[in-house]
Protein chains: 2
Amino acid sequence: MQDQNISSPTLRRLPTYLNYLKSLPKDHPENISSAVIASALGLGEVQVRKDLACVCNKGKPKIGYIIKDLINCLEEFLGYNSTTNAVIVGAGKLGKALLDYVGFENYGLNIVAAFDKNPALQGKTETGKNIYILDKFEEVCKRLNIKIGIITVPAENAQEACDLMVKNGIVAIWNFAPVHLKVPDGVIIQHENIAASLALLSKRLPERINA
Amino acid sequence: MQDQNISSPTLRRLPTYLNYLKSLPKDHPENISSAVIASALGLGEVQVRKDLACVCNKGKPKIGYIIKDLINCLEEFLGYNSTTNAVIVGAGKLGKALLDYVGFENYGLNIVAAFDKNPALQGKTETGKNIYILDKFEEVCKRLNIKIGIITVPAENAQEACDLMVKNGIVAIWNFAPVHLKVPDGVIIQHENIAASLALLSKRLPERINA
DNA sequence: TAGATTGTTAATCGATTAACAATC
DNA sequence: TAGATTGTTAATCGATTAACAATC
């Protein structure tokens with residue numbers, strides 16, 4: 001267990017387990033079996049056991065897993081207990097929405113500020129976060145030792161934003177622009193592809209439904 | 001070709017090809033090879049050919065593919081040329097952001113309105129879209145024959161919203177709430193899992209980076 | 001024709017599922 | 001002990017990659 005190389009499908013399911021376990025009523029018995037988790041989430045029970053084995057203490061035959069322990073180790077593993085700073089480049093609608101979204105704190109992500117080329121966007125958001133002009137990017141990143149960047153600029157400016165991030169020591173980029181970004185080895189990109197999700201949704205429709 | 005059962009990974013890549021092809025400069029030759037596409041997007045060239053073969057006319061040896069044709073058939077296949085109506089349940093920040101996001105029109109999705117339990121949210125958004133009280137849900141869905149629903153309510157209300165959608169004939173649900181939804185056979189769910197993306201991003205980091 | 005580039009067939013790789021022995 | 005539930009080993013399934021014949 002604690003295998004360094006957990007597969008992407010497993011990694012994607014871990015937050016789902018955590019959400020489910022946290023949603024259980026308080027009067028639920030303190031233990032739970034893989035079969036119950038599996039059926040609630042529409043997964044296979046062996047899959048649940050294998051996924052949990054990557055991250056958590058062993059379950060016990062006949063008893064299953066202690067819910068409290070599972071929650072703890074999932075949160076620990078996913079880094080929800082500690083906080084990582086991040087910055088946004090692109091303070092349009094999406095950028096601002098992410099900047100002001102308080103839910104990220106539960107996921108261990110603290111977005112400290114956003115940056116935009118457009119000086120008119122400078123100022124503070126509803127929740128008091130700063131929007132700076134892009135010129136300040138280097139200074140803020142260096143000062144706060146930022147390692148995670150979020151790109152919410154239009155597609156045509158995304159590579160440019162990405163290069164700026166890489167130049168300033170950012171090693172993980174969450175890209176909301178619909179383009180493939182080129183980065184040097186060692187920098188990782190997570191592409192948030194809303195068009196792809198939509199494609200998946202509408203193509204899996206029983207028949208095409210057009211208005 | 002035109003295989004009815006295109007795999008999810010392929011389906012997810014199709015919008016990427018389309019974006020890339022559309023981003024090519026106007027003075028680009030009218031044809032392009034799978035090798036060029038592959039290297040631009042960081043994919044294998046056989047993969048590109050196989051993906052395109054699912055959807056498009058054949059390429060020609062020595063010449064490759066005609067860009068204009070590829071764009072046309074990808075748009076056609078992905079349904080970007082026709083429009084499907086959808087509704088949102090949950091008019092909080094995320095719901096409103098999606099409702100006002102004009103980019104969906106390029107993807108063939110027309111969000112006609114949002115609904116919320118809270119009567120105080122009734123009215124029109126910046127872009128003139130309607131937010132109705134949830135009581136109006138049935139009437140609007142029936143009248144416009146809505147088949148796609150988007151859920152942006154808090155986790156604890158998501159199943160309820162989902163049930164309401166199913167009851168009113170919605171057959172495809174795009175779920176932004178972090179819960180697994182139970183639906184009858186024939187209804188499809190596309191789960192937009194932001195926590196999962198974040199998990200993937202931070203776990204793939206070379207070392208854990210905490211501030 | 002010769003060469004580039006395609007589509008296809010076979011091999012590999014990785015994830016899921018099934019079977020089952022271990023154990024509380 | 002008997003039974004429930006686990007972790008593990010082997011089998012299956014599906015996607016990617018490699019090899020290669022087809023063809024403009």
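In what follows, chains carry the letters A, B, and so on, assigned in the order in which the sequence lines appear, proteins first and then strands, with residues in each chain numbered from 1.
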Item to check | Over 12 foreign heavy atoms within 6.0 Å of CD, Glu126(A) | outcome: no
Item to check | Geometric cation-pi criterion Lys203(A) and Phe77(B), 6.0 Å radius, 45° cone | outcome: yes
Next on the checklist: What I want to check is whether the side chains of Asp100(A) and Thr125(A) have a donor and an acceptor closer together than 3.5 Å.
Outcome noted: yes
Checklist outcome for this item: For DNA chain D, consecutive-pair runs of 3 or more (Watson-Crick or G-U wobble, both H-bond-type distances under 3.5 Å) give C:3-24 with D:3-24
Item to check | Option among Lys167(B), Lys117(B), Lys182(B) that satisfies the salt bridge (Lys or Arg N to Asp or Glu O under 4.0 Å) test with Glu160(B) | outcome: Lys117(B)
Checklist entry - Taking atom types as modelled, is there a side-chain donor on Asn110(B) or Asn85(B) under 3.5 Å from an acceptor on the other? => result yes
Item to check | Stepwise side-chain contact (heavy atoms from CB on, under 4.5 Å) test for Thr16(B) and Leu43(B) | outcome: CA-CA 11 Å; Thr16(B) 311; Leu43(B) 302 171; 5.9 Å; no
Next on the checklist: Rounded to whole Å, how long is the line connecting atom CD1 of Ile66(B) with atom P of dC24(D)?
Outcome noted: 14 Å
Next on the checklist: Looking at every heavy atom in both Leu109(B) and Thr83(B), which two are closest together, and how far apart are they?
Outcome noted: C-CG2, 4.4 Å
Item to check | Minimum heavy-atom distance between Ile6(A) and Leu11(A), given as atom pair plus value | outcome: CG2-N, 4.2 Å
Checklist entry - Quick one: CD1 on Ile194(B) to CG on Leu94(B), what's the gap to the nearest 0.5 Å? => result 8.0 Å
Checklist entry - Any idea how Phe115(A) and Phe137(A) line up, ring-wise: parallel (<30°), tilted (30 to 60°), or perpendicular (>60°)? => result perpendicular
Next on the checklist: According to side chain to side chain donor-acceptor pair (under 3.5 Å), who are the partners of Ser197(B), at least two apart in sequence or on a separate chain?
Outcome noted: Glu192(A)
Item to check | Candidate list Val55(A), Val48(A), Leu70(A), test side-chain contact (heavy atoms from CB on, under 4.5 Å), partner Tyr17(A), passing option | outcome: Val48(A)
Checklist entry - Heavy atom of residues 190-197 of chain B under 4.0 Å from DNA chain C: which residues? => result none
Polar atom pairs (N or O), protein with nucleotides 14-16 of chain C, under 3.5 Å:
unit_1  : atom_1 : unit_2   : atom_2 : d
dT16(C) : OP1    : Arg13(A) : NH1    : 2.9
dT16(C) : OP2    : Arg13(A) : NH2    : 3.2
dT16(C) : O5'    : Gln47(A) : NE2    : 3.1

Item to check | Short side-chain donor-acceptor distance under 3.5 Å, Gln47(A) and Asp51(A) | outcome: no
Checklist entry - Strictly by modelled atom types, are Glu76(B) and Asn72(B) linked by a side-chain donor-acceptor pair under 3.5 Å? => result no
Check nucleotides 4-6 of chain D for protein N or O atoms closer than 3.5 Å to its own N or O atoms and list the pairs.
unit_1 : atom_1 : unit_2   : atom_2 : d
dT5(D) : O4'    : Lys62(A) : N      : 3.1
dT6(D) : OP1    : Ser34(A) : N      : 2.6
dT6(D) : OP1    : Ser34(A) : OG     : 3.4
dT6(D) : OP2    : Ser34(A) : OG     : 2.6
dT6(D) : OP2    : Arg49(A) : NH1    : 3.1
dT6(D) : O3'    : Gly59(A) : O      : 3.4

Item to check | Sorted by number, the residues of residues 18-28 of chain B with heavy-atom contact under 4.0 Å to DNA chain D | outcome: none
Checklist entry - Does atom CD of Glu30(A) have more than 12 heavy-atom neighbours from other groups under 6.0 Å away? => result no
